[in-house]
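Below: one structure, written as structure tokens.
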Protein chains: 2
Amino acid sequence: MTSTNDRVVPPAARRRRRPTKKGVVLSAELIVETALRLLKEHGADALTVRRLGLALGADPSALYRYFRDTDDLLLAIADELIGRTLRTWHPTGDWRADLRDLGLRMHSGSLAHPQAAVLSSYRVTGRVHEIGAVETILGVLRGAGFPDPEAVRIYHAFVDQALAFAALDAASIALPRAAREAEAGVWRATYARLPADTHPHIAATARHLMADMRRSAYPAALDMLLTAAAARLEEITQHGNAETLPGRTSGTSH
Amino acid sequence: MTSTNDRVVPPAARRRRRPTKKGVVLSAELIVETALRLLKEHGADALTVRRLGLALGADPSALYRYFRDTDDLLLAIADELIGRTLRTWHPTGDWRADLRDLGLRMHSGSLAHPQAAVLSSYRVTGRVHEIGAVETILGVLRGAGFPDPEAVRIYHAFVDQALAFAALDAASIALPRAAREAEAGVWRATYARLPADTHPHIAATARHLMADMRRSAYPAALDMLLTAAAARLEEITQHGNAETLPGRTSGTSH
DNA sequence: TTAACAGGTCAACGCTGTTGACATAAGGTG
DNA sequence: CACCTTATGTCAACAGCGTTGACCTGTTAA
């Protein structure tokens with residue numbers, strides 16, 4: 001609240017729908033939609049205030065009546081993406097399958113708008129759609145039988161891992177053409193040709209590396225996380241209650 | 001290789017060490033070091049060609065004699081970070097403890113230079129230090145007894161998880177002051193105050209959320225990944241050889 | 001001694017986000 | 001219906017950005 005700039009009129013107070021010179025009636029929703037379209041069609045570099053103004057048929061500076069600055073706009077875009085993802089997800093009651101499905105949806109949803117994802121996935125928006133997502137995931141975990149501290153811990157790992165991989169994979173999709181091709185070339189030209197005497201392990205697995213590195217590691221990582229969570233749940237429910245909270249399964253200190 | 005611009009003289013061919021107007025003798029190493037210092041001291045926004053030139057005591061355009069463009073410089077910075085991390089890591093022979101240690105080192109190494117990490121962690125540099133890291137990690141996994149395809153799969157999940165979380169956490173550290181404080185405020189002001197009747201799960205776990213969300217989920221996620229890997233290894237070694245390759249443990253298709 | 005050229009400098013380009021001043025149309029009030 | 005307030009669109013300007021082509025100069029090899 002403290003940071004809500006004076007320049008921006010909160011959506012509730014907006015009444016005067018004055019059309020722009022070109023006849024377009026602006027709104028926060030229209031601006032967000034147009035920004036997403038711009039990102040999708042022309043890449044991350046295409047999202048500039050000036051181009052967005054042009055695409056909207058309005059003076060660039062008009063945007064500042066709706067968003068404090070470009071960061072504020074970014075958060076609105078991020079929240080819209082969360083909302084779209086959640087809207088296509090329909091839980092079945094099987095916590096593990098549901099979380100797996102949701103994770104994959106969050107991931108692929110980001111890849112559909114990589115330019116937006118890479119810019120926004122690490123932000124806490126605090127807006128409606130994000131709050132809904134938090135509530136829903138926590139509900140799934142608590143419903144599965146995880147005690148509160150455990151539920152929160154797994155929620156955090158699950159959601160941050162999804163966001164982190166989304167950003168990572170989105171980033172490489174969003175790379176400028178030249179850089180992306182350069183990266184593919186590096187694997188072929190560098191890693192595939194390392195001699196066995198200096199790099200035995202890479203040489204021995206080169207074939208598998210080529211195949212595996214070209215796709216995202218997220219599904220594998222997600223399954224591993226869920227496997228560990230399931231094991232933990234079994235531990236908890238078998239031992240009656242959670243009298244032994246600490247156990248991380250590993251020997252090493254946490 | 002094809003993309004190595006004509007303007008940039010490869011390091012090997014450099015001979016003429018002409019000092020700048022201010023008496024500084026430039027080199028690729030000096031530039032990378034100075035860039036890291038700039039990032040550390042003044043944040044990501046401080047890393048501009050002009051400021052870097054100023055910090056070096058040289059004309060900004062002199063940098064283009066050493067790096068094709070700012071992206072090229074970025075990759076050099078990334079590789080230097082990888083090298084520094086690997087140099088402080090000393091494996092013991094216990095694969096799980098070693099990977100855990102390495103993961104945490106990569107993570108905290110990134111957080112020491114969040115500005116650099118957020119810019120570079122999703123890039124394949126193909127430079128010396130990166131190659132060394134790949135070789136080492138693969139060696140640990142194969143040495144532990146994972147068959148090649150499994151070793152590659154786990155390597156990929158492990159390394160991308162580390163990079164993804166590094167980028168995620170680095171990004172929030174690297175946020176401009178104002179935005180960072182705003183995010184902290186969102187948790188306190190928004191999530192902590194949601195009423196139990198509309199958001200029962202958040203309300204019930206608010207206390208744990210406040211505590212857990214302020215620190216990184218990476219250690220927890222890393223432990224879960226290693227737990228799943230250990231379980232898989234046991235499966236493999238107990239059943240003699242890996243006649244049942246496919247099994248993802250989960251029921252859903254991959 | 002000289003010729004070649006790597007490498008530092010300078011000025012300029014087009015682009016960016018942002019802001020303050022200004023113009024105008026919408027809408028509540030009387 | 002007329003007025004006044006003010007939300008909102010427009011315009012011009014600012015400083016800063018990455019990048020480049022032309023220029024100049026010191027170093028080095030022959």
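We name chains A, B, ... by the order of the sequence lines, and we start the count at 1 in each one. Because only heavy atoms are used, hydrogens play no part in the values below, and waters and symmetry mates are left out as well, while side chains stay in.
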- [ ] Kindly say whether, by distance alone, the side chain of A/S61 makes a donor-acceptor pair under 3.5 Å with the base of D/dC11?
- [x]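 It does, because a donor-acceptor pair links the side chain of A/S61 to the base of D/dC11 below 3.5 Å.
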Task: Distance-only donor-acceptor test (3.5 Å): side chain B/R18, base D/dG26 - done: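 For B/R18, whose side chain was compared with the base of D/dG26, there is no donor-acceptor pair (under 3.5 Å).
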Between [N] ([atom2]) and [X] ([atom1]): distance, integer Å:
X: B/F67; N: D/dG18; atom1: CZ; atom2: P; value: 15 Å
X: B/D45; N: C/dT16; atom1: CG; atom2: P; value: 18 Å
X: A/D72; N: C/dT19; atom1: CG; atom2: P; value: 12 Å
X: B/D69; N: D/dT20; atom1: CG; atom2: C1'; value: 13 Å
X: A/L63; N: D/dC11; atom1: CG; atom2: C1'; value: 15 Å
X: A/L74; N: C/dG17; atom1: CG; atom2: C1'; value: 14 Å
X: A/Y66; N: D/dA7; atom1: OH; atom2: C1'; value: 9 Å
X: B/L26; N: D/dT27; atom1: CG; atom2: P; value: 14 Å

Open item on the list: Any donor-acceptor pair under 3.5 Å linking the side-chain atoms of B/D212 with those of B/H208?
Closed with: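 Side chains of B/H208 and B/D212: no pair found under 3.5 Å.
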Looking at the side chain of [X], which of [options] is the nearest nucleotide?
X: B/A62; options: D/dT10, C/dA26, C/dG8; value: C/dG8
X: B/K21; options: D/dG18, C/dT16, C/dC10; value: C/dC10
X: B/D59; options: D/dG9, C/dC10, C/dG8; value: C/dC10

Minimum heavy-atom distance [X]-[Y], with the two atoms named:
X: A/L38; Y: A/A55; result: CD1-CB, 3.9 Å
X: A/H129; Y: A/G83; result: CG-CA, 3.4 Å
X: B/S216; Y: B/D169; result: OG-OD2, 2.6 Å

Open item on the list: For C/dG20 and A/Y64 - does any side-chain N or O of the residue sit under 4.0 Å from the phosphate oxygens OP1/OP2?
Closed with: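 No.
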Open item on the list: For C/dC15 and A/T48 - does any side-chain N or O of the residue sit under 4.0 Å from the phosphate oxygens OP1/OP2?
Closed with: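 Indeed not, no polar side-chain atom of A/T48 lies that close.
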Task: Heavy-atom neighbours of B/R188 CZ exceed 12 at 6.0 Å - done: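 Counting neighbours around CZ of B/R188, 12 or fewer heavy atoms of other residues, nucleotides or ligands fall under 6.0 Å, so no.
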Open item on the list: Tell me if the CZ atom of A/R214 is crowded by more than 12 foreign heavy atoms within 6.0 Å.
Closed with: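 Result for CZ/A/R214: open.
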- [ ] Please list, by residue number, the residues of residues 49-58 of chain A whose heavy atoms come closer than 4.0 Å to an atom of DNA chain C; answer none if no residue qualifies.
- [x]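 Per residue number, the list reads A/V49, A/R50, A/R51.
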Open item on the list: Looking at B/D59 and B/K21, is any side-chain nitrogen of the basic one under 4.0 Å from a carboxylate oxygen of the acidic one?
Closed with: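 Salt bridge: no.
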